[in-house]
Visitor: 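Below you'll find the structure I mean.
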Amino acid sequence: AQSVTQLGSHVSVSEGALVLLRCNYSSSVPPYLFWYVQYPNQGLQLLLKYTTGATLVKGINGFEAEFKKSETSFHLTKPSAHMSDAAEYFCAVSDPPGNQFYFGTGTSLTVIP
Amino acid sequence: NAGVTQTPKFRILKIGQSMTLQCTQDMNHNYMYWYRQDPGMGLKLIYYSVGAGITDKGEVPNGYNVSRSTTEDFPLRLELAAPSQTSVYFCASTYNGFQETQYFGPGTRLLVL
């Protein structure tokens, strides 16, 4: 079975600072990789995803992530944090041909004014 | 499009009671999923369906049942509620598989006492 590890259950950054949320996965085949964001009392919504092709993926709200096969990582970054970025972020993996999504345990991002 | 809708939003059950969590999507998606979200645990897949009449177990299916009689609806049934089933339940859908963006409902918060 796949596993997804998100280092740091809580991350705090100052407004305007770099956001870096870490995600590592275990897979013997190239997986599909996703980052989702969850605002309080809401469902999850997609930030970005990697399926094939370019390893640097750009998403909504200025976020991007890079698939590094050699490091089995898919870290999420944003150059300058905004107050509205405060939320819970989940990394998820699906591995073909298995019919499963695997989610990390989530990282809660706090943005300090 | 309403997307993915879930009812109820919140429910309190007594141990041993049963209930059905409703999920409907109006995007003509073939795949539908049920997850539970527990604090610090991320999302765990309970059941999924690849089309009307076809369902399969996810990572944590014990204590739950599902059916898929139409493309739009994917209800989750709890037969004998237990305190361990206290959680937030999310329904999601994709058009055609595990490589695609999942669209999530707003969630159902369930408390079993």
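We name chains A, B, ... by the order of the sequence lines, and we start the count at 1 in each one. Given the structure is predicted, the values throughout are model-derived calculations rather than measurements.
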Visitor: Quick one: do B:Val88 and B:Phe74 end up in the same hydrophobic cluster if we chain Ile, Leu, Val, Met, Phe, Trp and Tyr together by side-chain heavy atoms under 4.5 Å apart?
Guide: no

Visitor: Under a single-linkage definition using a 4.5 Å side-chain heavy-atom cutoff for Ile, Leu, Val, Met, Phe, Trp and Tyr, are B:Val60 and B:Val112 assigned to the same hydrophobic cluster?
Guide: yes

Visitor: Test A:Phe101 against every option in B:Trp34, B:Tyr31, B:Phe98, B:Tyr48 by the ring pair (Phe, Tyr, Trp, His ring centres under 6.0 Å) rule and name the one that passes.
Guide: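 Of B:Trp34, B:Tyr31, B:Phe98, B:Tyr48, ring pair (Phe, Tyr, Trp, His ring centres under 6.0 Å) with A:Phe101 is met by B:Phe98 alone.
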
Visitor: Select one option (side chain, backbone, both, neither) describing which atoms of B:Tyr103 are under 4.5 Å from chain A's heavy atoms.
Guide: neither

Visitor: Mind checking the OG1-CG spacing from B:Thr101 to A:Leu47? Nearest 0.5 Å is all I need.
Guide: 11.0 Å

Visitor: What are the two closest non-hydrogen atoms of A:Phe34 and B:Glu100, and how far apart are they?
Guide: CE2-O, 3.5 Å

Visitor: Does the ring center of A:Phe103 lie less than 6.0 Å from the ring center of B:Tyr35?
Guide: yes

Visitor: For A:Tyr39, is the OH atom crowded, meaning more than 12 foreign heavy atoms sit under 6.0 Å from it?
Guide: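 Enclosed.
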
Visitor: If you look at every heavy atom in B:Phe90 and A:Gly43, which pair is closest and at what distance?
Guide: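 Where B:Phe90 meets A:Gly43 most closely, the heavy atoms are CE2-CA, 3.5 Å.
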
Visitor: Just so I understand: if I count every heavy-atom pair under 4.5 Å between each of B:Ala92, B:Gly58, B:Pro39, B:Gly107 and chain A, which residue has the most?
Guide: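 Between B:Ala92, B:Gly58, B:Pro39, B:Gly107, the count favours B:Gly58.
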
Visitor: Quick check on the hydrophobic clustering: are A:Leu7 and A:Val13 connected, directly or via other members, by side-chain heavy-atom contacts under 4.5 Å?
Guide: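 No, no single cluster joins them.
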
Visitor: Do the side chains of B:Tyr64 and B:Tyr33 join up, straight or via other hydrophobic residues, at under 4.5 Å, putting them in one cluster?
Guide: no

Visitor: Which one of B:Arg109, B:Lys44, B:Gln99 has the most heavy-atom pairs closer than 4.5 Å to chain A?
Guide: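 Of the options given, most contacts go to B:Gln99.
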
Visitor: Please say yes or no: joined through hydrophobic side-chain contacts below 4.5 Å, possibly via intermediate residues, are B:Leu113 and B:Leu80 part of one cluster?
Guide: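 Not linked; separate clusters.
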
Visitor: If I measure from the heavy atoms of chain B, does A:Gln6 come under 4.5 Å with its side chain, its backbone, both, or neither?
Guide: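 For A:Gln6, neither part sits under 4.5 Å from chain B.
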
Visitor: Does any heavy atom of chain B fall under 4.5 Å from the side chain of A:Thr51, the backbone, both, or neither of them?
Guide: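 For A:Thr51, the side chain is the part near chain B, not the backbone.
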
Visitor: For B:Gln102, which atoms come within 4.5 Å of any heavy atom of chain A: side chain, backbone, both, or neither?
Guide: both

Visitor: Check the surroundings of atom CE in B:Met41: do more than 12 heavy atoms from other residues, nucleotides or ligands lie under 6.0 Å from it?
Guide: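 No, CE of B:Met41 has 12 or fewer neighbouring heavy atoms, counting only those of other groups under 6.0 Å.
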
Visitor: Assert yes or no for the condition that the ring centre distance of A:Tyr36 to B:Phe104 is strictly below 6.0 Å.
Guide: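 So the answer is yes for these two rings.
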
